[in-house]
Amino acid sequence: MSTQDANALPPQFVPAEIEAPLYERWVERGYFTADANSDKPPYTIVIPPPNVTGILHMGHALEHTEIDILIRRRRMQGYETLWLPGMDHAGIATQNVVERQLSAEGISRHDLGREDFIERVWKWKAEYGGAILGQMRRLGDSVDWSRERFTMDAGLARAVLTIFKRLYDAGLIYRAERIINWCPRCLTALSDIEVDHDDVEGELVSIRYGDGDSAIVVATTRAETMLGDTAVAVHPDDKRYQHLVGRTIELPLTGRFIPIIADEHVDPEFGTGAVKVTPAHDVNDFEIGLRHGLESRVVIEANAIIFGTDTEFDGLDRFAARAAVVEALRAEGRIVAEKRPYLHAVGHCQRCETAVEPRLSKQWFVKVDVLAKNAGDAVRDGRVRIEPADLEPRYFDWVDNLRDWCISRQLWWGHRIPVWYGPNEEILVLGPDEEAPAGWRQDEDVLDTWFSSGLWPFSTLGWPEKTPEMVKFYPTSVLVTAYDILFFWVVRMMLFGLFVFDGVPPFDVIVLHGLVRDRYGKKMSKSKGNTIDPIEFMDKYGSDALRFSLARNANPGSDQAIAEEWVAGARNFATKLWNATRFALMNGANVTGAIPAPENLSAADRWVLSRLSETTRDVDSLLERFEFAKASEALYRFAWDDVCDWYLELTKATFAEGGAAADVSRRVMGQVFDELLRLLHPTMPFITESLWLHLTGGESIVIADWPEARLDDLDANATAEMAALQELVTEIRRFRNDQGLQPARRIPARLVGLEESVLVTREAEIRSLTRLTVPDDGFSPSASLEIGSFTIEIDLSGTIDVVAEKARLAKDLDAAASEVEQAEARLANDEFRSKAPEAVVKKITDRLAEAHREVARISAALERITQS
RNA sequence: GGGUGCUUAGCUCAGCGGUAGAGCGCCUCGUUUACACCGAGGAUGUCGGGGGUUCGAAACCCUCAGCGCCCACCA
């Protein structure tokens, strides 16, 4: 292995020039395929998202960042990793995009027909989705994004058929007429989770039903549904209405007669204590209807038009009908009260924000009770861990209260429900390789996206076949995703995984990250115009910079703000790294031969190796806990503060001196950069690869070993010595600054007190860092500066700025005096002395002594300067 | 209506019982041969308000206020 010519590393770091070639090289060398013959422990990381349908956004960039960091580190640690591609078989999101295109052309999907519509979706994906996915690669990921892999391929279709049939045979899938959430714009059923409840200003009208002594007042926010009322309900114990229960009253505007019934569900405290019952258009009412054998009258069509009421309202849109019904009732004098505005929650379609219409309809459901209990238990008994654990209650709350899951969608893009109906409505559920008898027809509906997504951890591995991958990679180790997708996707994977594998969950750990927000921490939205395109940042600052800034802000479970300046800062870090490595190469840093024994190393060398091992240890434990932000921060601090600001500066003196010590430092420096680059590789894959190749001449950092912390390198003496040196240097610099001495100006000075201190051997380094030169024969100090036990005598060839120096000393004196005050106050407290731990008391005592010394020293210096 | 989280420097956030931190921004000086996408130095906070626990609280408890998120079949 030979060190390459430093000239080969261009002076200017240009991300665009290194990223693409390196990516191509990695792919070419096949670094990203699983090695099936490996005898290393299986280790996979599931990668989301299965539904890359819409716009590539920061959320996906963050997900990929975290996953790729974990994967790359595991790979370097020698584990076998398998990165599975996401699949794109989403329903509504994709469908929406294409439908919008169609409506711009003035046609609906129903004009187009099923087959042609699906072709349109494919076309969109090829043009738009494909381009987006192509860009994702530049984050350094390794996914095979080919059309076959991320779409409804044959394998997935097989898996869907298999699971559907198994669940059906187990009695866990059923078809029933229920009140479901219906989106009148998407024209499909929705599951509960696809409905967002938002507060809306509506109107609560109180309507008098019946007349005379059987008059009863009900209140509603959806007046139009009264056309479908089939009862009025009161609480059984409500004295006010007991005489009415069992009677029949006339339903206004319709001429129909409906009964007054008693049901426990009614809250006597709310409103008048009487409720209109519309079984076909309200979940509660439907249940009341079931209990009392009421008729369900559907009066609102799929497209939200009133129909079948034999009234003037037929043909009106639901909102128009609402106003018209109220007016008609008012004309009859039946409106007894109106409350407006009346704030109440209304369900909206998550995709298109249309108000959802609860509607009686025949759909397919998954019976979730046992499945959900298992999913909850798997986390409760520790088979699956959720990181961060604070999000567990949210998981339990949801899983433990899950209602049956409506899985049929009246859409065309998706897996068609594998149910066939015979001539007499017989039902046949087909598994893989089974065929329906002639003349039978398949159910028109498709499955909820999340139904097939839920199979992802094993359908991608070839299930239901027992493939080698299946055996090796199920269960997988880690699932990484944003918390907002916990219920949509993660829970579904749990439900199915536990069912299919008889209690073995699909993964060991669920790692949840937050959402990416704008620079002010506000949610990004198109209407606010505060969305950020990650690709723009990649083009401008490089993939590494984007990735590093995402990682550096990724605290588990909490949202992160991102702004252009943050990414620019990460790019600055990359540039710093580039230049530092360039410096190392120019000075002959190398990785040849063993590191000399500690006794042959300089203090600076021992210190930097100590910090390196410390950093490695910290980064390891942080990444094991998925603390990406803190791990990135530790690396940033070590690289910039320790290596660049101190170590490299210290070695300048060593290299100027030359000799054996310089050779040793060259070797140590090579080691430091070698390991630092490896530690940073998962977080900044491209630049580290590029630099590492120049430094080591190795084959690729991708397949290099992950560094191990050498705890023997931890060196308390070197660390203490370094702290003393840093303090001395900083104080001298501060003095120079206060005196208005230009940084570059070399000034003769005598360093008194070094001999007796730990810094005895470090004069050359200190002089180099502070630009204080060795005094010659004619040296006559004109000022002296006391720092701790040191005195720096300086020849300023003139007088010092007394005013500035007095100000500086006065400030230091203030600080020392207040230190004394604080420490004394605490020590004067007997309770503190008796109750606080000994170590704490000692610390304060020491601090007080030190502060006293400071006060004396500074006072004396002030005295002298005033006299002179 | 139930949960749940947040409120720390101008902005975004760490810290979660022993002297208030980072990045960006700000001020001063600087072409020092790795780097001006830089270096050196500096300023900036009664840690949302009020109580309490403790020798000691930004951190623990109670309470109030503001903001956010999740869940929800209140007509």
Side-chain angles (χ1 to χ4, degrees), chain A residues 11-13 179 192-193 197 204 218-222 225 233 265-267 269-272 274-278 282-287 344-345 347 358 390-391 393-394 397-398 401 403 483-484 486-487 515 517-523 541 545 549 552-553 555 557-563 565-566 568-587 629-630 633 636-637 644-645 648-649 652 729-730 733-738 740-746 768-769 771 818-819 822-823 826 829-837 839-841 843-844 847:
Chain A
Q12 203 63 39
F13 167 55
I179 300 282
D192 293 341
I193 197 176
H197 292 86
L204 183 70
V218 297
T220 183
T221 52
R222 295 195 298 151
T225 61
H265 169 263
V266 180
D267 175 7
E269 303 295 317
F270 187 92
T272 57
V275 183
K276 61 191 272 308
V277 182
T278 323
D282 184 279
V283 180
N284 290 313
D285 293 3
F286 179 71
E287 278 162 17
H344 64 128
D390 334 347
L391 290 170
R394 217 188 259 192
D397 180 59
W398 202 76
N401 297 300
R403 296 196 297 166
Y483 62 72
D484 66 338
L486 180 63
F487 306 135
L515 276 23
R517 322 215 109 157
D518 76 0
R519 68 171 63 203
Y520 303 111
K522 292 272 173 280
K523 199 169 179 174
Y541 302 105
S549 47
R552 197 183 180 185
N553 287 298
N555 287 301
S558 52
D559 295 346
Q560 66 165 281
I562 191 146
E565 294 92 303
W566 292 209
R571 186 273 320 267
N572 293 354
F573 178 55
T575 307
K576 187 76 179 173
L577 208 58
W578 184 273
N579 284 312
T581 310
R582 221 155 57 84
F583 172 87
L585 292 172
M586 283 164 59
N587 285 288
K630 292 181 179 68
E633 187 67 15
Y636 181 93
R637 289 264 82 85
C644 292
D645 289 350
L648 293 190
E649 294 302 326
K652 285 177 180 173
V729 168
T730 303
R733 282 172 174 168
R734 192 173 147 226
F735 171 79
R736 290 185 59 126
N737 216 285
D738 290 346
L741 304 173
Q742 298 190 323
R745 186 170 153 201
R746 289 167 194 278
S768 155
L769 292 171
R771 313 240 148 209
S818 97
E819 185 77 46
Q822 281 180 25
R826 292 182 72 177
N829 185 339
D830 287 340
E831 284 196 284
F832 172 71
R833 300 192 84 115
S834 59
K835 290 185 183 170
V840 175
V841 176
K843 203 164 129 191
I844 303 294
R847 197 185 294 159

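Convention: sequence-line order gives letters A, B, ...; per-chain numbering from 1.
- Under the ring-ring contact (aromatic ring centres under 6.0 Å, His included) criterion, A/His344 pairs with A/Tyr342, sequence neighbours left out.
- A gap of 25 Å separates the C1' atoms of B/rA36 and B/rU12, to the nearest Å.
- Spacing between atom CG of A/Asp397 and atom C1' of B/rC69 amounts to 13 Å, rounded to whole angstrom units.
- Counting non-hydrogen atoms under 4.0 angstrom, A/Pro837 reaches a base of the nucleic acid.
- By the 4.5 Å heavy-atom criterion applied to side chains, A/Arg222 and A/Asp282 are counted as neighbours.
- With rounding to the nearest 0.5 angstrom, the CG atom of A/Asp518 is 11.0 Å from the CD1 atom of A/Ile562.
- The CD-P distance, from A/Glu565 to B/rG25, rounds to 8 Å in whole Å.
- Nucleotide B/rC29 holds its C1' atom 11 Å from the CG atom of A/Asp738, rounded to whole Å.
- The two residues A/Lys522 and A/Arg517 have their closest heavy-atom pair at O-CB, 3.1 Å.
- Remark: the separation of the P atoms in B/rA9 and B/rU4 is 27 Å, to the nearest Å.
- Here, B/rG50 and B/rU7 have their C1' atoms 15 Å apart, quoted to the whole Å.
- With both ends at atom C1', the span from B/rU8 to B/rC13 equals 9 Å, rounded to whole Å.
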Worksheet, complete the sentence: 5' to 3', nucleotides 30-37 of chain B under a 4.0 Å protein heavy-atom cut-off (B base, S sugar-phosphate only, - none) gives S-BBBB-B
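- B/rG2 and B/rU19: their P atoms are spaced 41 Å apart (whole Å).
- Here A/Arg403 pairs with A/Asp192 under the salt bridge (Lys or Arg N to Asp or Glu O under 4.0 Å) rule; sequence neighbours left out.
- The distance between atom CZ of A/Phe832 and atom C1' of B/rC55, rounded to the nearest whole Å, is 7 Å.
- Here A/Arg734 pairs with A/Glu731, A/Asp738, A/Arg808, A/Asp812 under the side-chain contact (heavy atoms from CB on, under 4.5 Å) rule; sequence neighbours left out.
- Looking at heavy-atom distances under 4.0 Å, A/Arg552 makes contact with sugar-phosphate atoms alone, never a base.
- When the salt bridge (Lys or Arg N to Asp or Glu O under 4.0 Å) test is applied to A/Arg571, no partner is found at least two apart in sequence or on another chain.
- Judged as a ring-ring contact (aromatic ring centres under 6.0 Å, His included), and not counting sequence neighbours, the contacts of A/Tyr636 are A/Phe573, A/Trp640.
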Discussion item. Only Watson-Crick and G-U wobble pairs with both distances less than 3.5 Å should count. Give RNA chain B in dot-bracket notation, marking inter-strand partners with |.
Written reply: ((((((((.[[[[.)..(..]]]].(((((.......))))).....[[[[[..)....]]]]])))))))....
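- Residues A/Ala580 and A/Cys644 come closest through the heavy atom pair CB-SG, 3.6 Å.
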Discussion item. Does A/Lys652 form a salt bridge (charged side-chain N to carboxylate O under 4.0 Å, His left out) with A/Glu649? I'd like the steps, not just the answer.
Written reply: CA-CA 5 Å; A/Lys652 285 177 180 173; A/Glu649 294 302 326; 3.2 Å; yes
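- Spacing of C1' atoms, B/rC16 relative to B/rC6, comes out at 14 Å, to the nearest Å.
- Whole-Å rounding puts the A/Glu633 CD to B/rC24 C1' distance at 12 Å.
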Could I get a table of every N or O pair under 3.5 Å where one atom is in the protein and the other is in nucleotides 72-75 of chain B?
{"from": "B/rC73", "atom 1": "OP1", "to": "A/Arg403", "atom 2": "NH2", "distance (Å)": "3.1"}
{"from": "B/rC73", "atom 1": "O2'", "to": "A/Asn284", "atom 2": "ND2", "distance (Å)": "2.5"}
{"from": "B/rC73", "atom 1": "O2", "to": "A/Asn284", "atom 2": "OD1", "distance (Å)": "2.3"}
{"from": "B/rC73", "atom 1": "O2", "to": "A/Asn284", "atom 2": "ND2", "distance (Å)": "2.7"}
{"from": "B/rA75", "atom 1": "OP2", "to": "A/Tyr342", "atom 2": "OH", "distance (Å)": "3.2"}
{"from": "B/rA75", "atom 1": "O2'", "to": "A/Ala219", "atom 2": "O", "distance (Å)": "3.2"}
{"from": "B/rA75", "atom 1": "N6", "to": "A/Asp267", "atom 2": "O", "distance (Å)": "2.6"}
{"from": "B/rA75", "atom 1": "N6", "to": "A/Phe270", "atom 2": "O", "distance (Å)": "3.4"}
{"from": "B/rA75", "atom 1": "N1", "to": "A/Asp267", "atom 2": "N", "distance (Å)": "3.3"}

Using nucleotides 10-13 of chain B, report all nitrogen or oxygen pairs with the protein that are shorter than 3.5 Å.
{"from": "B/rU12", "atom 1": "OP1", "to": "A/Tyr520", "atom 2": "O", "distance (Å)": "3.4"}

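- Checking A/Glu819 against A/Arg733, the closest nucleotide of RNA chain B that is more toward the 5' end is the one next to A/Glu819.
- Note: CZ (A/Arg637) to P (B/rA14) measures 16 Å, nearest angstrom.
- Residues passing the side-chain contact (heavy atoms from CB on, under 4.5 Å) test with A/Asp484, sequence neighbours excluded: A/Ala482, A/Leu515.
- Between A/Asn737 atom CG and B/rU28 atom P there is a gap of 12 Å when expressed in whole angstrom units.
- Between B/rG5 and B/rA75, the two P atoms lie 28 Å apart (nearest whole Å).
- As rounded to the nearest Å, B/rA14 and B/rA22 have C1' atoms that lie 7 Å from one another.
- Rounding to the nearest 0.5 Å gives a distance of 11.5 Å between CG of A/Asp559 and CG of A/Asn553.
- In this structure, the side chain to side chain donor-acceptor pair (under 3.5 Å) partners of A/Glu565, at least two apart in sequence or on a different chain, are A/Arg519.
- When side chains are defined from C-beta on, A/Phe13 does not count as touching A/Leu577, because their heavy atoms never get closer than 4.5 Å.
- In this structure, A/Lys630 reaches the sugar-phosphate backbone alone: every heavy-atom distance under 4.0 Å involves primed, P, OP1 or OP2 atoms, never a base.
- Distance NZ (A/Lys522) to P (B/rG68): 7 Å, rounded to an integer number of Å.
- Residues passing the ring-ring contact (aromatic ring centres under 6.0 Å, His included) test with A/Tyr541, sequence neighbours excluded: none.
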